[in-house]
A.B. asks: 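Got a structure here, written out as structure tokens. Questions coming.
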Amino acid sequence: MTHFKDISCGELRAADIDRTIRIAGWVDRRRDHGGVIFIDLRDSKGIIQVVVSPENSAAYNIAQRVRAEWVLGLEGIVKSRTDETKNPDLPTGEIEFIPTHINVLNEAETPPFSLHEPGEVDESLRLQYRYLDLRRPDAMQVLRLRHAVVSYIRNFFSEKDFIEVETPTLIRSTPEGARDFLVPSRLQPGEFFALPQSPQILKELLMVAGTERYFQIARCYRDEDFRANRVAEHTQLDMEMAFVDESDVMALVEELYIEIATRFGGGKKISEVPFPRLDYADCIERYGTDRPDLRFGLEFSDVGMIFKGSEFKVFSSALENNGQIKAICVKGQSGMARRAIDSLVEVARSAGAGGLVNIGFSETGEIRSPVSRFLSDQELTLLKEKTGATNGDMLFLAAGSHEIVSETLALVREELAVRLDLRDPEIFAFAWVTGFPLLEWKVEENRWDATHNPFSGFFEDEENSLEKDPSGVRARQYDLVLNGEEIGGGSIRINKRSDLLRVLKLMGHTESEINKRFGVLLQALDYGAPPMGGVGAGIDRLIMQLIGTSNIRDVIAFPKASSGSDPLMDAPSPVAAEQLKELGLQLDPELGSN
RNA sequence: GGCCCUGUGGUGUAGCGGUUAACAUGCCACCCUGUCAAGGUGGAGAUCGGCGGUUCGAAUCCGCUCAGGGUCGCCA
């Protein structure tokens, strides 16, 4: 196989018995019995037990010195273990390796943390020594899975006549969207490149160029604060097709994700095929979010009608202020502990709600609620009817503006799912969400803004035209949701210059701004841009779902800490004054010299 | 930028106003020829993230600060 090894440690099997071979790897564990010494030798494929007895004094002397994580090259014979000493827990447990020669390829310091149970080790320490952290077989396994998925994606599109085209990582800054990472230009001092937030414009230009079917595994950069599922640089499956409509793109993407979930999902089941299509407005009504976790129910019911003129002022006044009242029905939880209810109220308050009303219907039909004295029998009867609650169930109600109610109950719904363990870990719940409004009103900026990106196509008719009622125009946008995470999104693009201009003007851009920022695309659209659409889909989040982690750093070889710094390379770092001078940059003296 | 949580031998934790700062694991030495998280005996190893304050006395209480994690803002 190579100069140092004929076969991987982890691949040795009974079929190799009596072979004389070379193996190499790291010392996983060493067990010294005074006489015989056992060394578990680990490589990328697994572990093999090496047995060194005093009879081979040269090897034995070395084996006595050996410590954890030393790098060894061995020459020897594969032997069958006796029946009593076989280890059924190990894939290589039927055999062991008897070395004739041990070659110490490198010694090693004792690692700063155990490589055997590092789940509990401080993450920043693990990141600082990421090259050791990745030695853990399950960490390396994630990288292997990621590779397999990406390579499957590449094959999938290649076989469907797509070509992968690389696009530049030094591009022009556009003030739309997230904050750009900037790279100063030496040749044009005082000017900057931006790292792409996605190859959006470039892939549209590729469509104008006649590529027709393009994809790319593309790195995307956004200089915003981190979250558990968000980092500054992420990898995206970027795809674009010409001469398509929504159904073409969605069908292809759906086919891909079904294949990936089936092949790489570790036996988990896809809850519904074809993926359910949800309308945006409907989604907000039922789940309070545009990326609902469909692994469990707990849908909202609108119970506003019941409380018109109710004695309970919180409810009646919410309605008078044009708000709404919605309920979640939790089956069999009428006896929920007071503490659990209180903490749900806290969750609701954190979302901006005044509170959260709980109404329990006990098994014997009694009402348990802090507001029971305000509720009439008729209201309670109607509540049961509307929410489907029966004796034994618990209702949670929130009242207020549409926005507050949605956000509040969405949080409460998630929290209930966690506490009641409603999320089946063996399920992939995919869904498409469509029917997004094209534009949303930005109160602070006093203008319309694109809900996704300004290049998204739109549906309009006479009543709902851009100029008459922008809020009524739907985008030709589709988002792919998996287990409550947005894992992809795309649209059929605007391919006519005049339409793009209409949208950009509505968004409050002046002609000259438009030309400066979007001039290239506008011009290109004028040169015969075909109908086109595609998706951008997050690879990191997909892998997270496949392995079932909520920490995005688990699926990245060398991730940044959530502060945005790199504990391994100790980046970012100050640079020499020379470098700054070449770039024509001067630092704000108030930043100090650290 | 706001809020919440965490910081004690190498690692993971306990201790929460007076302790020789405890335990596990790792490390080192010795014993041990069939273990596979080997076992046994012994040993080294922490000024309790940093600075300041309160107190007769601070790992413990308070303030500031640093680092990490989460979250809101932000993320077309």
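Chain A is the first sequence line, chain B the second, and so forth, proteins listed ahead of strands; every chain is numbered from 1.
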A.B. asks: If rG43(B) has a Watson-Crick or G-U wobble mate with both distances under 3.5 Å, name it; if not, just say none.
C.D. replies: rC27(B)
A.B. asks: Spell out protein contact along nucleotides 28-35 of chain B as letters: B when the base is contacted, S when just the sugar-phosphate is, - when no protein heavy atom is under 4.0 Å; keep the 5' to 3' order.
C.D. replies: SS--BBBB
A.B. asks: Would Arg222(A) and Arg230(A) count as a side chain to side chain contact (heavy atoms under 4.5 Å, CB included) here? Give the steps.
C.D. replies: CA-CA 10 Å; Arg222(A) 291 173 189 181; Arg230(A) 220 166 74 192; over 6 Å; no
A.B. asks: Return the nucleotide paired to rA14(B): Watson-Crick means purine N1 to pyrimidine N3 with N6-O4 or O6-N4, wobble means G-U with N1-O2 and O6-N3, both under 3.5 Å.
C.D. replies: none
A.B. asks: Check Pro168(A) against Pro196(A) and note the closest heavy-atom contact, atom names and distance.
C.D. replies: O-CG, 3.8 Å
A.B. asks: Give none if rU55(B) has no partner; otherwise give the nucleotide forming a Watson-Crick or G-U wobble pair with it, both distances under 3.5 Å.
C.D. replies: none
A.B. asks: From CZ of Phe113(A) over to P of rG26(B), roughly how many Å is that when rounded to an integer?
C.D. replies: 16 Å
A.B. asks: Specify the separation, in whole Å, of atom CG of Leu90(A) and atom C1' of rA37(B).
C.D. replies: 13 Å
A.B. asks: If the cut-off is 4.0 Å, is Ser124(A) near the phosphate of rU6(B), judged by side-chain N/O to OP1 or OP2?
C.D. replies: no
A.B. asks: Who passes salt bridge (charged side-chain N to carboxylate O under 4.0 Å, His left out) against Arg130(A), sequence neighbours left out?
C.D. replies: Asp133(A)
A.B. asks: Grab the NZ-P distance between Lys560(A) and rG69(B) for me, whole Å please.
C.D. replies: 13 Å
A.B. asks: Using a cut-off of under 3.5 Å, enumerate the N/O to N/O pairs linking the protein to nucleotides 71-73 of chain B.
C.D. replies:
| residue | atom | partner | partner atom | Å |
| --- | --- | --- | --- | --- |
| rU71(B) | OP2 | Ala228(A) | N | 3.0 |
| rC72(B) | OP2 | Arg227(A) | NE | 3.1 |
| rC72(B) | N4 | Arg227(A) | NH2 | 3.4 |
| rG73(B) | N7 | Arg227(A) | NH2 | 2.8 |
| rG73(B) | O6 | Asp225(A) | OD2 | 3.4 |
| rG73(B) | O6 | Arg227(A) | NH1 | 3.1 |
| rG73(B) | O6 | Arg227(A) | NH2 | 3.1 |
| rG73(B) | N1 | Asp225(A) | OD2 | 2.7 |

A.B. asks: Using the P atom on both, measure rG12(B) against rG68(B) and round to a whole Å.
C.D. replies: 16 Å
A.B. asks: Mind checking Ile37(A) for me? I need base, sugar-phosphate or nothing, with any heavy atom below 4.0 Å counting as a touch.
C.D. replies: nothing
A.B. asks: Would you measure the distance from the P atom in rC31(B) across to the matching atom in rA67(B) and give it in whole Å?
C.D. replies: 49 Å
A.B. asks: Please report, rounded to the nearest Å, how far the C1' atom of rG70(B) is from the CD atom of Glu415(A).
C.D. replies: 13 Å
A.B. asks: To the nearest Å, give me how far apart NE2 (His116(A)) and C1' (rA24(B)) are.
C.D. replies: 17 Å
A.B. asks: Categorize Pro112(A) for me: base, sugar-phosphate, or nothing, with a 4.0 angstrom heavy-atom threshold over every strand shown.
C.D. replies: sugar-phosphate
A.B. asks: Can you name the closest pair of heavy atoms from Asn515(A) and Leu522(A) and give their distance?
C.D. replies: OD1-CD1, 4.3 Å
A.B. asks: Between Leu344(A) and Arg419(A), is there a side-chain heavy-atom distance shorter than 4.5 Å?
C.D. replies: yes
A.B. asks: Contact class for Thr174(A) vs. all strands (heavy atom < 4.0 Å): base, sugar-phosphate, or nothing?
C.D. replies: nothing
A.B. asks: Without decimals, in angstroms, what is the distance between Leu125(A) CG and rU11(B) P?
C.D. replies: 6 Å
A.B. asks: Can you tell me the distance, in whole Å, between the NZ atom of Lys79(A) and the P atom of rC36(B)?
C.D. replies: 24 Å
A.B. asks: Looking across every strand, which nucleic acid part, if any, lies under 4.0 Å from Gln197(A) by heavy atom: base, sugar-phosphate, or nothing?
C.D. replies: nothing
A.B. asks: Have a look at Arg30(A) and say if it touches a base, only the backbone sugar-phosphate, or nothing, with a 4.0 Å heavy-atom cut-off.
C.D. replies: nothing
A.B. asks: Answer with base, sugar-phosphate or nothing: what part of the nucleic acid does Ser565(A) contact at a heavy-atom distance below 4.0 Å?
C.D. replies: sugar-phosphate
A.B. asks: Can you name the closest pair of heavy atoms from Arg179(A) and Glu224(A) and give their distance?
C.D. replies: N-OE2, 2.8 Å
A.B. asks: Students often mix this up, so state it plainly: with edges at 30° and 60°, are the rings of Tyr280(A) and Phe436(A) parallel, tilted or perpendicular?
C.D. replies: tilted
A.B. asks: What interatomic distance, in whole Å, is found between P of rA14(B) and the corresponding atom of rU6(B)?
C.D. replies: 11 Å
A.B. asks: If we take the C1' atom in both rG9(B) and rC48(B), what is their distance in whole Å?
C.D. replies: 10 Å
A.B. asks: Distance check, P atoms only: rG43(B) and rG18(B), in whole angstrom units.
C.D. replies: 28 Å
A.B. asks: Look up atom CD1 in Ile539(A) and atom CD in Gln236(A), then write down how far apart they are to the nearest 0.5 Å.
C.D. replies: 8.5 Å
A.B. asks: Can you tell me the base-pairing partner of rC36(B)? Count Watson-Crick or G-U wobble geometry only, both distances below 3.5 Å, and say none if there is no partner.
C.D. replies: none
A.B. asks: Can you check the Leu115(A) CG to rG12(B) C1' distance for me, whole Å?
C.D. replies: 15 Å
A.B. asks: Taking rC16(B) as the reference, what is the distance to rG7(B) when you measure between their C1' atoms (whole Å, please)?
C.D. replies: 15 Å
A.B. asks: Apply the test salt bridge (Lys or Arg N to Asp or Glu O under 4.0 Å) to residues Arg291(A) and Glu486(A): give CA-CA distance (whole Å), side-chain angles for both, the deciding distance (0.1 Å), then the verdict.
C.D. replies: CA-CA 6 Å; Arg291(A) 46 176 181 84; Glu486(A) 184 194 328; 5.9 Å; no
A.B. asks: What interatomic distance, in whole Å, is found between C1' of rG26(B) and the corresponding atom of rU19(B)?
C.D. replies: 25 Å
A.B. asks: Looking at every non-hydrogen atom in both residues, tell me the closest pair between Ala417(A) and Arg423(A) and how far apart they are.
C.D. replies: CB-CG, 4.0 Å
A.B. asks: Going by the side-chain contact (heavy atoms from CB on, under 4.5 Å) test, name the single residue among Asp40(A), Val52(A), Val50(A), Ile37(A) that passes it with Arg30(A).
C.D. replies: Ile37(A)
A.B. asks: May I ask you to say what Ser198(A) touches in the nucleic acid, namely base, sugar-phosphate or nothing, with a heavy-atom cut-off under 4.0 Å?
C.D. replies: base
A.B. asks: Expressed as a whole number of Å, how far does the P atom of rC4(B) sit from that of rG42(B)?
C.D. replies: 48 Å
A.B. asks: Report yes if a side-chain nitrogen or oxygen of Arg29(A) is closer than 4.0 Å to either non-bridging phosphate oxygen (OP1 or OP2) of rA38(B); otherwise report no.
C.D. replies: yes
A.B. asks: Rounded to the nearest 0.5 Å, what separates atom CD1 in Ile487(A) from atom CG in Leu542(A)?
C.D. replies: 5.5 Å
